[in-house]
**Student:** 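My questions will all concern the structure given below.
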Amino acid sequence: MTATTAAADSRTADRYENRLLVVLFLSFGFVFFDRQALSFLAPYMDAEFGLSNAQLGTLSGVLALTWALAGMFAGRLSDALGRRKPILVAAVVLFSLFSASSGLMGGFAGLLAARALMGTAEGAVLPMAQSLMVEASRESRRGFNMGLLQGSSAGLLGGIVAPLAVVWIAETWNWRVAFYVTIVPGLIVAALIWRFVREKSPRTLAEAPREQREQRAAAVKVPLREVLKLRNIVVCMLIACCYLTWFVTIITFTPTYLTEVKGFDPGTMSGVMTCLGVAWVLWGFATPAISDRIGRKPALIGFTVLAVCCPLAVVYVESPVLLGAIMVVTYTGLGCFTLFMATIPAETVPRAALATALGVIMGVGELAGGFLGPMVAGWASDQWGLQSAMFIAAGGAVAVVALCFALKETAPAVLRRRAAAVPAESAA
């Protein structure tokens, strides 16, 4: 291969990397737009249905339950079939349909069924999207790309656009219409995936000659039990359980806490929640990008210490302006999600087991933190007040800090610096 050909191949791979990032950014962003809509519309639904805190937690939890099961199944299926694009397209179409169906329901049972079906479709999106992004990314941009895909996309569309859009639609028309409109962006994104996403990226195809690619395709798939023997994978699963408790509890109960306990009007509540979205976007790409340079482990520890303060601020800060500012600074956990759910696993497991590892970590985390976490928090809130949910969220983040010390560093730049330091120390 000549230098000119290699340069042309590199430019092609870089262009595809950027295009894929845009498409998958929109895909996962609209997943969270749909997922977050329930929390922002809860005050309106409560006025019609009289939902208890436990029921609200159950609606959030059942989505996490089916999301978890679907993610584990889809990841394993993808690795077995060697296909991701068809699964991703089907998942995006279905979650859009199921999200819109929430607006048709006449009570708690119907909403529960709609959210369960929606989680079944949405659970397949992240393992497919992150495994596609890993293969297309340059090593120097791996953490940055995966952070934009998983963190900033969800923050922009789920944390900034969603509270503004769905509250405005609910105020202008009603909460049912807010669910109906969610079908439109999902179908557009599904068409973009079908048109622009490839099963194999140009960078992957250029990594090895033809015979090596054929050997890799024919390689025996890595058993799940081998994946679970890796310490980083087990630690990331435990971190996911605790961090999902932090995240889902905050996002489920904060809108209700702000309106019912603090007495904020819907517009003020929407503005404060938008500050969470701003932080989500900012830390969603900044945290993984910083981890590319200082290491995954220290980034996780430092930013999670800040994340402990976020739910405590919801309880103790009365001014909506000050609360919004503190949330921007302390809502750092969503940037950490990319590290333990995608980047560290991608740098730990063989490529043939990547979708499986991502699906298992996401699935176990959603089962414990996303499903059980909000249900326990909802029950505790009914017993002792909504502040109990915020204390449970803070406790989840504290547990993450402790677990992070068991991780093995995986950042390529950090490992190279360590390897270069060893011969220098030996020579000295």
**Student:** Say whether, by atom type as modelled, one donor and one acceptor occur between the side chain of Asp382 and the main chain of Gly385 under 3.5 angstrom.
**Tutor:** no
**Student:** Between Phe391 and Leu312, is the side-chain contact (heavy atoms from CB on, under 4.5 Å) condition met? List the steps.
**Tutor:** CA-CA 7 Å; Phe391 294 142; Leu312 299 179; 3.9 Å; yes
**Student:** Any sub-3.5 Å donor-acceptor pair from Glu199's side-chain atoms to Lys85's backbone N or O?
**Tutor:** yes
**Student:** Can any side-chain N or O of Thr332 pair as donor or acceptor with the backbone N or O of Phe303 at less than 3.5 Å?
**Tutor:** yes
**Student:** Mind running salt bridge (charged side-chain N to carboxylate O under 4.0 Å, His left out) on Arg84 and Glu135 for me, showing each step along the way?
**Tutor:** CA-CA 12 Å; Arg84 291 160 297 188; Glu135 291 187 356; 3.1 Å; yes
**Student:** Below 6.0 angstrom between ring centroids: does that apply to Trp283 and Phe337?
**Tutor:** no
**Student:** Would you say the side-chain atoms of Ser99 pair up with the backbone N or O of Ser96, donor to acceptor, closer than 3.5 Å?
**Tutor:** no
**Student:** Test side-chain contact (heavy atoms from CB on, under 4.5 Å) on Cys242 and Leu238; report intermediate values, then the result.
**Tutor:** CA-CA 7 Å; Cys242 299; Leu238 296 173; 5.8 Å; no
**Student:** For a 4.5 angstrom cut-off between non-hydrogen side-chain atoms, does Leu300 reach Ile344?
**Tutor:** yes
**Student:** Ignoring hydrogens and angles, tell me if any N or O in the side chain of Tyr16 forms a donor-acceptor pair with the backbone of Arg198 under 3.5 Å.
**Tutor:** yes
**Student:** Quick one, Leu24 and Leu148 - any side-chain contact, counting heavy atoms below 4.5 Å?
**Tutor:** no
**Student:** Thr182 side chain to Phe179 main-chain N or O, any donor-acceptor pair under 3.5 Å?
**Tutor:** yes
**Student:** Between the side chain of Ser101 and the main-chain N/O of Phe98, is any donor-acceptor distance below 3.5 Å?
**Tutor:** yes
**Student:** With the threshold set at 4.0 Å, does a side-chain nitrogen-carboxylate oxygen contact exist between Glu347 and Lys408?
**Tutor:** no
**Student:** Any side-chain donor-acceptor pair under 3.5 Å between Tyr243 and Thr304?
**Tutor:** yes
**Student:** Looking at Arg138, I want to see if its CZ is surrounded by more than 12 non-hydrogen atoms of other residues, nucleotides or ligands under 6.0 Å.
**Tutor:** yes
**Student:** Taking the ring centre of each residue, are Phe32 and Phe247 less than 6.0 Å apart?
**Tutor:** yes
**Student:** Taking atom CZ of Phe73 as the centre, does the number of heavy atoms from other residues, nucleotides or ligands within less than 6.0 Å exceed 12?
**Tutor:** no
**Student:** With a 3.5 Å cut-off and no angle check, do the side chains of Tyr44 and Glu171 form a donor-acceptor pair?
**Tutor:** yes
**Student:** Ignoring hydrogens and geometry, is there a side-chain-to-backbone donor-acceptor pair from Thr343 to Thr338 under 3.5 Å?
**Tutor:** yes
**Student:** Given the rule in the side-chain contact (heavy atoms from CB on, under 4.5 Å) test, do Ile239 and Ile361 qualify, once you have shown the distances and angles that lead to the verdict?
**Tutor:** CA-CA 9 Å; Ile239 289 174; Ile361 291 170; over 6 Å; no
**Student:** Using the rule side-chain contact (heavy atoms from CB on, under 4.5 Å), only one of Leu63, Val62, Leu117 pairs with Leu112; which is it?
**Tutor:** Val62
**Student:** Less than 4.5 Å apart, side chain to side chain, heavy atoms only: is that true for Met133 and Glu17?
**Tutor:** yes
**Student:** Determine, using ring centers only, whether Tyr331 and Trp246 are less than 6.0 Å apart.
**Tutor:** yes
**Student:** Taking the six-membered ring for Trp, are Trp175 and Phe49 parallel (under 30°), tilted (30 to 60°) or perpendicular (over 60°)?
**Tutor:** perpendicular
**Student:** For the residue pair Val315 and Tyr257, establish whether any side-chain heavy-atom pair is separated by less than 4.5 Å.
**Tutor:** yes
**Student:** Does this structure show an ion pair linking Arg176 with Glu48, if we count only N-O contacts that are shorter than 4.0 Å?
**Tutor:** yes
**Student:** Taking the side chain as everything from C-beta on, heavy atoms only, tell me whether Leu26 gets closer than 4.5 Å to Ser153.
**Tutor:** no
**Student:** Looking at Met128, is its backbone amide N or carbonyl O close enough to the side chain of Ser131 to form a donor-acceptor pair, meaning the two atoms are under 3.5 Å apart?
**Tutor:** yes
**Student:** Do side-chain atoms of Glu409 reach the backbone of Val414 as a donor and acceptor pair under 3.5 angstrom?
**Tutor:** no
**Student:** I want to check something: taking the side chain as every heavy atom from C-beta on, are Trp173 and Trp168 in contact at a cut-off of under 4.5 Å?
**Tutor:** yes
